[in-house]
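The structure appears right after this line, and notes come after that.
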Protein chains: 2
Amino acid sequence: MDLTSKQSKIFNFLKDFILEKDYPPSIRDIQNHCDISSTSVVDYNLKKLEEKGLIRRDKEISRGIELLGTNNMRSHTVRIPLLGKIAAGKPIVLPEEGVTDNFSNSIELSREQVGTKSDLFALQIKGNSMIDALIQDGDIIILEKTNQFDNGDMVAVWIKSDNATTFKRIYKLDNKIKLEPMNKRMKAFFVKPNDFNVQGRLVTSIRNW
Amino acid sequence: MDLTSKQSKIFNFLKDFILEKDYPPSIRDIQNHCDISSTSVVDYNLKKLEEKGLIRRDKEISRGIELLGTNNMRSHTVRIPLLGKIAAGKPIVLPEEGVTDNFSNSIELSREQVGTKSDLFALQIKGNSMIDALIQDGDIIILEKTNQFDNGDMVAVWIKSDNATTFKRIYKLDNKIKLEPMNKRMKAFFVKPNDFNVQGRLVTSIRNW
DNA sequence: AAAAAAACAACACATATGTTCTAATACATA
DNA sequence: TATGTATTAGAACATATGTGTTGTTTTTTT
């Protein structure tokens with residue numbers, strides 16, 4: 001269902017107004033700026049916009065209009081905890097359960113960039129131990145907290161017998177797990193299927209030049 | 001200058017309310033939810049919050065409150081035109097002057113990620129012609145439109161005599177400019193100082209695994 | 001062309017909401 | 001203690017603003 005010219009005019013005004021003022025316009029604001037003869041016409045068309053799913057209105061509340069969909073600038077970003085630097089071989093400190101709030105250091109990414117994934121955390125790479133994965137010193141990597149993995153995934157994996165977490169490329173073999181550093185100079189090693197736990201999987205990497 | 005407990009209670013309520021409803025609360029909304037005895041007390045403390053620079057108020061406008069600073073979720077993201085794919089050797093098509101609006105394809109990044117830079121555009125890398133810069137097929141690179149450069153910068157540069165733009169690492173030598181591909185297999189070449197024009201500089205690169 | 005539906009117009013009304021005034025109380029300072 | 005300042009209370013007021021009613025015009029359908 002398409003918008004009439006008056007409706008798209010109103011809708012655009014809503015976006016502009018909210019962008020500028022950070023609060024929605026009143027019906028009379030809309031009336032004046034869109035050259036509409038009567039408040040009832042504005043009300044009428046706002047009802048239409050609501051029927052068409054573009055806005056939501058709260059009854060009897062002044063300026064009680066909310067933009068829906070991608071026009072709503074709410075939640076366009078996600079704040080992700082930056083847990084620290086990760087160096088070759090050094091163990092990673094992973095976040096507590098469910099504690100994705102209240103972190104001292106964090107980065108902000110657009111939701112578009114991370115998709116619908118939740119439970120994300122970030123690490124900064126120190127050194128060039130991941131150079132084969134085209135990740136270098138200073139890069140930021142974003143991980144998704146999960147214990148699933150596919151062959152070849154780059155994961156943060158906890159080795160029980162070592163009592164430590166490292167970052168490796170993982171492969172499932174017949175009766176063991178191969179963990180391969182992302183640097184040719186270091187050798188791969190193997191763990192027993194019950195001696196490890198995947199804690200997170202690489203999702204995105206970012207470099208500021 | 002610090003906030004009194006009442007003021008931070010109000011301020012937190014403002015953030016929560018706006019996050020939930022997408023429009024600011026009325027003074028009586030604040031009064032009720034913060035257990036305040038009188039509207040005048042709310043008004044009084046809102047004035048204080050405004051003096052302390054945390055909010056902005058518009059006189060005589062219902063719900064005319066705007067959060068300032070990082071609490072204001074406005075403009076936490078920037079939309080950047082994605083101009084297309086760039087392959088080795090292939091010329092790049094740069095945006096028209098000032099046309100950073102109305103583009104068919106775009107990506108959204110958090111402002112935190114791109115800083116205060118403006119006039120940004122993005123390209124997607126096709127192939128592995130930039131592998132030495134740790135940039136591979138599918139990566140997204142973000143460029144800043146500028147004609148300044150430092151030695152070693154990776155820039156989009158227009159070669160007049162070729163009538164084409166390519167992406168190279170640039171070095172200023174005594175009487176010529178060295179343009180170095182980011183792939184060892186391809187050789188560098190040189191241009192005269194008046195035969196080129198830097199059009200943009202690499203700012204950020206992003207990879208989704 | 002006639003009938004029905006959609007959209008617009010003008011206006012009045014109720015109330016949602018910011019403002020203001022006065023007084024009381026608490027708090028700090030000299 | 002005295003005195004000034006900051007904060008709180010209660011209430012009344014003015015207006016900003018959503019809603020409803022009735023009628024007209026325009027558009028669509030039959």
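First the proteins, then the strands, lettered A, B, ... as listed; each starts at 1.
We find that B:Lys15 and B:Glu20 are not joined by a salt bridge, their nearest charged nitrogen and carboxylate oxygen being 4.0 Å or further apart. Ion pair B:Lys117/B:Asp119 not flagged as a salt bridge, since none of the NZ, NE, NH1 or NH2 atoms sits closer than 4.0 Å to an Asp/Glu carboxylate oxygen. The residues A:Asp29 and A:Arg63 are annotated as salt-bridged, a charged nitrogen and a carboxylate oxygen being separated by less than 4.0 angstrom. Taking 4.0 Å as the cut-off between side-chain N and carboxylate O, B:Asp43 and B:Lys48 do not count as a salt-bridged pair.
Rounded to an integer number of Å, the gap from CZ of A:Arg28 to C1' of C:dC11 is 11 Å. Rounded to whole Å, the distance from OH on A:Tyr23 to P on C:dT17 is 15 Å. Counting to the nearest Å, the C1' atom of D:dT5 and the CD atom of B:Glu51 are 14 Å from each other. Rounded to whole Å, atom C1' of D:dT17 lies 15 Å from atom CG of A:Asp58. Rounded to whole Å, the distance from CD1 on B:Ile10 to P on D:dT7 is 12 Å. We find that CD of B:Glu60 is positioned 15 Å from C1' of C:dA16, with the value rounded to whole Å. Whole-Å rounding puts the B:Asp29 CG to C:dA16 P distance at 11 Å. The distance between atom NZ of B:Lys9 and atom P of D:dT8, rounded to the nearest whole Å, is 11 Å.
Heavy atoms from other residues, nucleotides or ligands lying under 6.0 Å from NZ of B:Lys85 number 12 at most. In A:Lys160, the NZ atom is crowded: over 12 heavy atoms of neighbouring residues, nucleotides or ligands sit closer than 6.0 Å.
Aromatic ring pairs are classed by plane angle as parallel below 30°, tilted from 30° to 60° and perpendicular above 60°; the pair A:Phe13 and A:His33 is parallel.
Between the side chain of A:Ser62 and the base of D:dA16 there is no donor-acceptor pair of N/O atoms closer than 3.5 Å. A donor and an acceptor atom sit less than 3.5 Å apart, one in the side chain of B:Ser40 and one in the base of D:dG10. A donor and an acceptor atom never sit less than 3.5 Å apart when one is taken from the side chain of A:Thr39 and the other from the base of C:dA10.
DNA chain C lies under 4.0 Å from at least one heavy atom of each of the following residues of residues 41-50 of chain A: A:Val41, A:Tyr44, A:Asn45, A:Lys48.
Counting any heavy atom pair closer than 4.0 Å across all strands shown, B:Ile61 reaches sugar-phosphate atoms only and no base atom. Residue contacts for B:Ser38: at a heavy-atom cut-off of 4.0 Å it reaches a base atom on one of the strands shown.
Candidate nucleotides C:dA10, D:dT19, C:dT19 were compared by shortest atom distance to the side chain of B:Arg57, and C:dT19 ranks first.
For C:dC8, one of the phosphate oxygens OP1 or OP2 lies less than 4.0 angstrom from a side-chain nitrogen or oxygen of A:Lys6.
Of the two residues near DNA chain D, B:Thr4 and B:Arg63, the one whose nearest nucleotide lies more 5' is B:Thr4.
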